[in-house]
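In what follows, every chain begins at residue 1, and chains take the letters A, B, ... in the order their sequences are listed. If you're wondering where the values come from, they're calculated on a predicted model, not measured in any experiment.
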There are 2 protein chains.
Amino acid sequence: MKSEKASLKNIAEALNVSVSTVSRALKNHPDINDDTCKRVQEYARKVHYRPNVLALGLKHQRSMTIGVVVPEIVHHFFSSIISGIEDLAYGEGYRVMICQSNEDYLREVMNVQALMDHRVDGMLVSISKSTLDHQHFVDLANHGVPLVFMDRACNDLVSDKVLTNDYEGARMVVRHLLKRGCRNILHLAGPQHLCVGRERQEGYIQALNDYGLTHREDFVIRCDTPSKVESRKNKILGKAENIDGIFCVNDFTAAAVMRLLQDNGYDIPGQVAVAGFGDDPLASMVRPTLTTVEQRGYDMGKTAARMLLNRLSGDTIDEDTPQTKVFPAFLKVRESG
Amino acid sequence: MKSEKASLKNIAEALNVSVSTVSRALKNHPDINDDTCKRVQEYARKVHYRPNVLALGLKHQRSMTIGVVVPEIVHHFFSSIISGIEDLAYGEGYRVMICQSNEDYLREVMNVQALMDHRVDGMLVSISKSTLDHQHFVDLANHGVPLVFMDRACNDLVSDKVLTNDYEGARMVVRHLLKRGCRNILHLAGPQHLCVGRERQEGYIQALNDYGLTHREDFVIRCDTPSKVESRKNKILGKAENIDGIFCVNDFTAAAVMRLLQDNGYDIPGQVAVAGFGDDPLASMVRPTLTTVEQRGYDMGKTAARMLLNRLSGDTIDEDTPQTKVFPAFLKVRESG
DNA sequence: TTGAAAGCGCTAACAG
DNA sequence: CTGTTAGCGCTTTCAA
């Protein structure tokens, strides 16, 4: 029964009516005979008719598809964002095309290009760590494709954004470590060309200032993945004796450094308190459980999608003013600090 | 500079040639004047011409896109599979549309439908836990859309498959627990209507038999997520005194049960050894690190994509015989058992 | 109430 | 070597 795919044309032929009649009947056009309408709809259902979205997209010049580019879907934060996007978009009749840049600039440019080729109606993007040039996003704007940045935005571009209050989140968790008594807090920092990395570092510095301390340059190390913890382990262990706390730019790094210290005989949080950022599920699986900052990925995705769809339907209040929505961060105190 | 998107038509107009000449020039058709060719290509580059894949798909009746349906991208195993698929597909000029079913049957049916609507050339699928009916996959076959199952296949359907040797993997890791001295091993099992759940349970039973033991019905509990560990915790703790090992159908569940036992004063692996399945990154982050079975997600994804593309190009040896590729499982002995 | 025709962007036989 | 034409599946004027 390898049947030919149903189309308006062959439905029309089978029923001895014209394609336009079928087209109208299928969308309950007002001036169409009730009988014809019913006949067409029944037959369409029988042959499992489904409109060809390629043809529709071509005709309407919009694909009812939104493109998503994130660094890596393996991270819980980004998969949560995606779930949020999907739930909202599906509900509004949109489809979602997901791409991952693997933190690679060239791949990101390719992804954006591929989504453009597919004529997506808009894009939701979280930029990769290695992205320094933003021309591909400028091009998007020039082509009139609406764009909303999520979490990792680029500052030199006016555009809608959905962010976490990284600055206050970082400040909050570092103040927590300080309140606990820590006075020599190491910061494992993310790349400073990304807003999230920069804001978290500045929050860290501000928290120290809040307590009348100044930050030490040598207490900030660029290190934002477990594998970098491994490659910088001598550097980190070299400082271990002089510190009583560590604030990491994310939870994986925190979990990795915690393990490194434990393996070298340090008690956590007894000798060194550790905190992360993001509240990855991992944070409650490691021992001790990880003190961190909650980030609402699902809600951020949903909000970003909402902003994009608003742009698409063009019924936003401020047609041209870019919106920025900042989500609050929540402190999650657990066992590690 | 919100420029109109370049098309063959407006390139043709600008250059005073016909659309077909432009079309030919752009694909270096043999019989086209070198000058014209160069002129067209230069102009096309200048205006950033990109072919409209919707139009191409409509014309060629194939979209150069493959659809992927997995339960949840948040799991490392599935994201690895996706990375494998992407790397292979991109290299062959295909694009990838990713959908997640969220372990929900209806969502899965929707996903398959949406991918059909997009006229994907083929699909790669890992079925959801709640999928009992397989009609939507039968329909696919009837429409001539090639399908390769990955990891979670459905047995009542002849089709290409890429699997892990779950049976041997489970048998191996349980034999390891037995060799270590465990004699009362609990199994936290997955749904038995999924091949992976069943095979892992059967591997567990076989390993016991290998050691001259018979399995006890009350030592098998359906429990395959951390939240089910939570909801069945009394049942599990009730057996804790009588067991010396636990084999879990996946690593998250293993991590959760490990934590449950630790919180209740049990030493791992001293009193109870614990093993998981999958070698999630989590396995090396928890304490004690988790003994488990390695599963090669990336390679499985790559292989599945390869099988699908072979079907699409139609140059496989056995046109109609479905292929099954089984990947070996590897024991990863760590601290927990 | 229905049909014919044009067109979205592209390709490919056919004709010149 | 290049242009004309038809058609992929669909919508939408315009005409009947």
task: Using heavy atoms to find the nearest nucleotide of DNA chain D for Thr36(B) and Ser7(A) separately, return the residue whose nucleotide is more 5′.
output: Thr36(B)
query: Tell me, do Asp156(B) and His134(B) make a side-chain contact under 4.5 Å, heavy atoms counted?
result: yes
task: Using atom CG of Leu26(A) as one end and atom C1' of dT11(D) as the other, report the distance to the nearest whole Å.
output: 12 Å
- request: Would you please name every residue forming a salt bridge (Lys or Arg N to Asp or Glu O under 4.0 Å) with Glu108(A), sequence neighbours left out?
  value: none
query: What is the 5' to 3' range of DNA chain C, first to last nucleotide, that sits under 4.0 Å from any heavy atom of chain A?
result: dT1(C) to dG9(C)
query: What integer distance in Å separates Arg119(B):CZ from dC10(D):C1'?
result: 11 Å
- request: Show your reasoning for whether side chain to side chain contact (heavy atoms under 4.5 Å, CB included) applies to Val22(A) and Leu15(A).
  value: CA-CA 9 Å; Val22(A) 179; Leu15(A) 262 43; 5.7 Å; no
task: Name every residue in residues 10-21 of chain A that has at least one heavy atom under 4.0 Å from any atom of DNA chain C, in order of residue number, or write none if there are no such residues.
output: Val17(A), Ser18(A), Ser20(A), Thr21(A)
message: Based on the rotation axes of five pairs at each end, what angle does the helix from dT1(C)-dA16(D) to dG16(C)-dC1(D) bend through, to 10°?
response: 60°
- prompt: When we call it a touch if two heavy atoms are under 4.0 Å apart, what does Asp31(B) touch: a base, just sugar-phosphate, or nothing?
  reply: base
message: Under 4.0 Å between a side-chain nitrogen and a carboxylate oxygen: does that hold for Arg311(A) and Asp121(A)?
response: no
- prompt: For Lys9(A) and dA6(D), what is the distance between atoms NZ and C1' respectively, to the nearest whole Å?
  reply: 11 Å
task: Take Arg152(A) and Glu103(A) through the test salt bridge (Lys or Arg N to Asp or Glu O under 4.0 Å) and record every step on the way to the result.
output: CA-CA 12 Å; Arg152(A) 300 198 195 162; Glu103(A) 303 284 12; 2.9 Å; yes
- line: Contacts of Leu58(B) and Arg24(B) projected onto DNA chain D by closest heavy atom; the upstream (5') one is Arg24(B)
message: Assess the residue pair Gln323(B) and Asn310(B) against the criterion (side chain to side chain contact (heavy atoms under 4.5 Å, CB included)); give the C-alpha distance rounded to whole Å, side-chain angles, the decisive distance to 0.1 Å, and a yes or no.
response: CA-CA 11 Å; Gln323(B) 311 276 312; Asn310(B) 282 345; over 6 Å; no
message: Restricting to side-chain hydrogen bond (donor to acceptor under 3.5 Å, both in side chains), what partner residues turn up for Asn52(A), sequence neighbours left out?
response: none
field: Asp87(A) and Arg107(B): CA distance, side-chain angles, deciding distance, salt bridge (Lys or Arg N to Asp or Glu O under 4.0 Å) verdict
entry: CA-CA 11 Å; Asp87(A) 286 353; Arg107(B) 183 85 158 235; 3.1 Å; yes
query: Counting only non-hydrogen atoms, which of residues 59-66 of chain B are less than 4.0 Å from DNA chain C?
result: Lys59(B), His60(B)
- prompt: Out of dG9(D), dC10(D), dT2(D), which nucleotide sits closest to the side chain of Ile32(B)?
  reply: dT2(D)
